[in-house]
Amino acid sequence: MAIDNKVRVRFAPSPTGQLHIGNVRTALFNWLFARQKGGAFILRIEDTDVERSEARYETQLLEDLTWLGLDWDEGPDVGGPYPPYRQSDKMAEYQAYGDRLLKENKAYYCFCTAEELESDRQKALAEQRQPVYSGKCRTLDADEVARRRAAGEAPAIRLKTPEHPIRFHDIVRGNVEFPHEVIGDQIIIRSSGMPIYNYVVVIDDADMKISHVIRGDDHISNTPKQVAVYEQLGLPVPEFAHLSTILGPDRERLSKRHGATSVANFREMGVLPEALMNYLALLGWAPTGGDRELFPKDELIKEFSLERVTPSPAVFDTEKLNWLNRHYIKQSPPEKIREMGKGFLQQAGLLPPTLDASVVAWADKLIDLLAPYVDRLDQLPEKAGIIFKHDPRAALAVPENAEAFAGDKGKAVVEAFAQRASVSPLTPEQFKAAMNEVKTEAGVKGKDLFHPVRIALIGSHSGPDFDRLIPLIEEGSALKLPVHVKSVRERAQDFLAALGSK
RNA sequence: GGCGCUAUCGUCUAGGGGUUAGGACGUGAGAUUCUCAAUCUUAAAACCCGGGUUCGAUUCCCGGUAGCGCUACCA
C-alpha cells in the first residue's frame, strides 16, 4: 500500500543498450498513471551491472524519453528529495541494510561455492525437484562463521525467506501467491560485496517511497522474492502492476531480429512521437467501450487507468502504427512536417546541406505534396523520386506502363504534348490548355490522355495532381540542387527519345 | 523438469450467464478522382479443447493444450 496517499511511480532502466520499445511502453504507463493521479514520475538508473552499463546509454535514455514527450519529476539529472537516483551511488547503504538483516538474524552468511551450488542444482533438476538453495549455511554457528571469515573465506549474504506463502496484489492480475519453498533463501549480497538486483530494487523503491511498481511481467516471478525482502526489512510493500510482454509477429518476444525495436529506430524512421505514444498506449490498454483509437497525450492522461490494462501479451503491429503515424502527419502543423521532411531529404542527398530561401520554399512545397503519401517520413526521399529521378527507359520497362504505349495513341499523345510543352517554364494554365489541344488533336480523353503524359513525366500512370506537380517540376528545374530536376520540356523530349529508340 | 502468467476476427481490443459478440488496423468490393494516395460506404473474418455448475455458458469452476516468463553470487 501507498506510504502516504501520494502516487509515486518510477521507471528504472539499466543503461545497457538502446531504449527498447517494451521498456518505453512501461515508462509510458508509469508516466500516464503519475500524470493522471497528480503523482510523481521518477527516473532511476539501475547500473549495478557495472560491466554492461555505459554512460552514453544513460544520456540517450534521457533523450529518448524526452523525445517521446515523457518528463520526470525526479531523476539523476534533476535530483529530488530521495537521492541518489543512480544505484551505483548507493552501495554503502545496501551494505548497511545487509548488516542490519544479519544482526536481526534475518539473513546469514553463506560459504557455499559456485561449484557446490551448481551441483546441488543439477541434482535437484535430475530428481525433478525445484532447484532451490538447501539452506545449508543457515545453521552455521557464529564461531565457525567468524573463523572462516578470519581465514579469508568471502561469504555471500543470504536472506532468510519467511516460512509462509508469499502473496501480493497485482492490479492487472489480481492476487498472486507463491509457496515460500519455491523461492528459497536468496543471496542478497554477493561474496564480492555487490548487492543483487532483487534486493536493491526493494531498498530503492522503499527509499523513494514508491507507491506503485509498474513494470514488465518478466518480473512477476521476481516479485515474491522482493516481497520477502520487504517483509524481513519491515518495509511497506507497494502495489504492483505487471504489464504483459510485447511480441513480434511470430509471437516471440519482440527483439532486434524483428526489425525496429528501439525508440531511436522509430525516430530515425520518421515516426512521430505522438503516433508512437498513441500506439503504445493501445498495446495492452483500451479505453472504456474500447471503440476509440485516436488519443492525443492529454486525452490519454485523462482516460488512462491501470485497472483496464490487459494481462495477455500483445503482438506489435507495424501496420497500425503506420496508420496512426499517417494520421498524425496529417494532423501536425505543416511547418513541423516540412522541417522534419527537409532533414530526411538532405540526408538522402536530394537537398544541399545548407538551404537558401528559394530552395526552402520549393522543398516545403515538395513535402506538402508528398507527405500525404507516406506512412513514415523516411519514405519521403523515395517518393520524391517522381521529381528527382526521370528514367524513361525504366518507366517503359514496367509492363503496365508499356501497355499504355502498346498502340500508337500513347505515342501520339506524348508527341502532341511535347510540341506544346516546349516553353519553359510551363504554367499549370498553359499545361491545361496544352492538354485540351492534345485531347482534340489526338482524339483521346480521360485515362488515354492523362496516363501517357503522366508516365512520360514521372514514370508512372498514377501520382499527384498535375496542378501541383507541374509548378513543382518547373520551379525545381530552375534551382541549383545536388540532383538536377528535369523540366517538363526535358522530360517530354527524353521520353520521346526513349520511345523512339525502342 | 518445477513454478508462475496468459488464451475473443490475421493483429490490437470491447463485452459479458441469454447479444445479430462491438470497434480499430489490415484485406475484398463500391463511390469519388485522369490516376494513385486520402476520404466515404460496404463485405468477409473470432469466443483454444474437454469436462463440470446452470433452464442456459464464449463468459463462472476444474483439467488439458499452446504461447510466454522465471527457475543465477544477471538486471
Side-chain angles (χ1 to χ4, degrees), chain A residues 12-14 16 46-49 51-53 87 110 112-114 117-118 121 124-133 154-158 170 172-173 176-179 181-184 186-198 200-201 216-225 242 244-245 247 249-253 279 282-294 308 310-324 326 330 370-375 383 386 435 439 445-455 458 460-466:
Chain A
S14 308
T16 52
E46 305 212 323
D47 58 352
T48 45
D49 188 344
E51 313 252 304
R52 291 192 293 155
S53 297
Q87 289 182 333
C110 174
C112 296
T113 62
L117 262 16
E118 181 56 27
R121 181 167 48 244
L125 247 30
E127 291 169 12
Q128 311 207 336
R129 281 186 295 112
Q130 177 90 353
V132 287
Y133 179 61
I157 300 175
R158 280 190 192 269
D170 187 304
V172 333
R173 286 154 220 269
V176 187
E177 183 179 314
F178 287 79
E181 293 88 351
V182 309
I183 302 163
Q186 339 141 46
I187 288 180
I188 53 174
I189 297 179
R190 298 177 176 91
S191 50
S192 67
M194 280 296 275
I196 291 290
Y197 169 79
N198 279 325
V200 165
V201 248
D217 69 356
D218 46 335
H219 284 288
I220 204 157
S221 315
N222 282 329
T223 308
K225 301 179 185 176
H242 286 99
S244 65
T245 323
L247 272 22
D250 53 3
R251 305 212 121 256
E252 284 195 41
R253 192 168 234 234
Y279 179 70
L282 258 19
L283 258 197
W285 172 82
T288 320
D291 55 356
R292 196 179 156 194
E293 315 288 328
L294 297 171
R308 296 190 59 83
T310 25
S312 52
V315 173
F316 191 88
D317 181 9
T318 310
E319 292 293 345
K320 190 153 182 176
L321 206 213
N322 283 345
W323 172 73
L324 278 167
R326 217 154 50 215
K330 280 184 281 185
L370 299 177
Y373 285 85
V374 300
D375 294 329
K383 294 285 178 196
I386 61 170
M435 288 301 273
K439 185 166 145 187
K445 57 177 181 172
K447 290 183 190 184
D448 292 337
L449 172 65
F450 282 90
H451 280 194
V453 174
R454 185 175 262 106
I455 292 168
I458 64 168
S460 168
H461 62 68
S462 63
D465 288 346
F466 282 117

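In what follows, every chain begins at residue 1, and chains take the letters A, B, ... in the order their sequences are listed. All values below come from the heavy atoms of this structure, side chains included, with hydrogens, waters and symmetry mates left out.
Remark: rA29(B) base-pairs with rU41(B). Criterion, Watson-Crick or G-U wobble with two distances under 3.5 Å. Nucleotide rU11(B): paired with rA24(B) (Watson-Crick or G-U wobble, both distances less than 3.5 Å). Under the Watson-Crick and G-U wobble criteria, each requiring two contacts below 3.5 Å, nucleotide rG4(B) is paired to rC68(B). rA46(B) makes up no base pair with any nucleotide shown, lacking Watson-Crick or G-U wobble contacts both under 3.5 Å. Base pairing analysis places rU54(B) opposite nothing; no Watson-Crick or G-U wobble pair with both distances below 3.5 Å involves it. Across every strand in view, rU59(B) sits unpaired, with no contact that passes the Watson-Crick or G-U test at under 3.5 angstrom. Figure legend. rU35(B) is base-paired to no nucleotide; pairs are counted as Watson-Crick or G-U wobble with both atom distances under 3.5 Å. Using the Watson-Crick or G-U wobble rule with both distances under 3.5 Å, rU19(B) pairs with nothing in any strand shown.
Contact annotation: the side chain of V201(A) approaches that of E46(A) to within less than 4.5 Å [non-hydrogen atoms, C-beta and beyond]. For the pair H219(A)/Y197(A), a side-chain contact is recorded, criterion being any heavy-atom separation below 4.5 Å from C-beta on. With a 4.5 Å cut-off on side-chain heavy atoms, I188(A) and N198(A) do not count as touching. Side-chain contact between V176(A) and H242(A) is absent, with no heavy atoms from C-beta onward closer than 4.5 Å. For the pair M435(A) and L449(A), the minimum side-chain heavy-atom distance is below 4.5 Å.
Considering only side-chain atoms of R308(A), the nucleotide from rU71(B), rC12(B), rG15(B) that sits closest is rG15(B). Distances were taken from every side-chain heavy atom of S221(A) (C-beta onward) to each of rC70(B), rC5(B), rU13(B); the shortest belongs to rC70(B). The nucleotide whose nearest atom lies closest to any side-chain atom of W323(A) is, among rA24(B), rA75(B), rC3(B), rA24(B). In the set rA14(B), rC34(B), rG4(B), rA14(B) carries the atom at the smallest distance from any side-chain atom of T310(A). For F450(A), the listed nucleotide lying nearest its side chain is rC34(B); candidates were rC12(B), rC34(B), rA75(B). For Y197(A), the listed nucleotide lying nearest its side chain is rA75(B); candidates were rG26(B), rC12(B), rA75(B). For I187(A), whose side chain is taken as the heavy atoms from C-beta onward, the closest listed nucleotide among rC73(B), rA75(B), rA14(B) is rC73(B). For I196(A), the side-chain atoms get nearest to rC74(B) when compared with the rest of rC74(B), rA72(B), rU35(B). Checked against rC3(B), rC5(B), rC34(B), the side chain of R454(A) finds its nearest nucleotide in rC34(B). In this structure, of rC36(B), rC73(B), rU13(B), it is rU13(B) that holds the atom nearest to the side chain of A286(A).
Judged by atom type and distance alone, R251(A) does not reach the base of rC68(B) through any side-chain donor-acceptor pair under 3.5 Å. The base of rC36(B) sits within donor-acceptor range of the side chain of Y373(A), with an N or O pair under 3.5 Å. Remark: the S191(A) side chain and the rC73(B) base include a donor-acceptor N/O pair separated by less than 3.5 Å.
Among the protein residues, K330(A) comes within range of the sugar-phosphate backbone only, with heavy atoms under 4.0 Å from sugar or phosphate atoms but none that close to a base. Residue R253(A) is classed as a sugar-phosphate contact, given heavy-atom separations below 4.0 Å to backbone atoms only. Across all strands shown, L449(A) has no heavy atoms under 4.0 Å from either base or sugar-phosphate atoms. At a threshold of 4.0 angstrom between heavy atoms, the contacts of E252(A) are confined to the sugar-phosphate backbone, with no base atom among them. Contact annotation for L247(A): no contact, since no heavy-atom pair falls under 4.0 Å across all strands. Among the protein residues, C110(A) comes within range of no part of the nucleic acid, since none of its heavy atoms lies under 4.0 Å from any strand. As judged by a 4.0 angstrom heavy-atom cut-off over every strand, N322(A) is placed among residues making no nucleic acid contact. Residue contacts for N222(A): at a heavy-atom cut-off of 4.0 Å it reaches a base atom on one of the strands shown. If you check every strand for non-hydrogen atoms under 4.0 Å, S14(A) touches sugar and phosphate atoms only. At the heavy-atom level, K439(A) lies nowhere under 4.0 Å from the strands shown. Contacts of A314(A) with the nucleic acid, taken as non-hydrogen atoms under 4.0 Å apart, involve only primed sugar atoms and P, OP1 or OP2. Among the protein residues, F178(A) comes within range of the sugar-phosphate backbone only, with heavy atoms under 4.0 Å from sugar or phosphate atoms but none that close to a base. Among the atoms of the strands shown, only primed sugar atoms or phosphate atoms (P, OP1, OP2) are found under 4.0 Å from some heavy atom of G284(A).
Closest-nucleotide positions on RNA chain B for T245(A) and D291(A) were compared, and the one nearer the 5' end corresponds to D291(A). With the nearest nucleotide of RNA chain B identified for both E293(A) and P311(A), P311(A) has the one nearer the 5' end.
The phosphate of rC12(B) (OP1 or OP2) has no side-chain N or O of R292(A) nearer than 4.0 angstrom.
Once rounded to the nearest 0.5 Å, the distance linking CD1 of I157(A) with CD1 of I196(A) reads 11.0 Å.
Rounded to a whole Å, the CD atom of E319(A) is 17 Å from the P atom of rU13(B). Counting to the nearest Å, the P atom of rA37(B) and the NE2 atom of H461(A) are 10 Å from each other. Put simply, CZ on F316(A) is 19 Å from P on rC68(B), counting in whole angstrom units. Regarding D250(A), its CG atom lies at a distance of 17 Å from the P atom of rG10(B), rounded to whole Å. Put simply, NE2 on H451(A) is 14 Å from P on rU33(B), counting in whole angstrom units. Note: CG (D217(A)) to P (rC70(B)) measures 9 Å, nearest angstrom. We find that CG of D317(A) is positioned 6 Å from C1' of rC25(B), with the value rounded to whole Å. Between L294(A) atom CG and rU13(B) atom P the separation is 17 Å, expressed in whole Å.
At a cut-off of 3.5 Å, with distance as the only test, a side-chain donor of D217(A) or T245(A) sits close to an acceptor on the other residue.
Classification of the H451(A)-H461(A) ring pair by plane angle, with boundaries at 30° and 60°, yields parallel.
For the pair P464(A) and I458(A), the tightest heavy-atom approach, listed with the atom from each and the gap, is CD-CD1, 4.5 Å.
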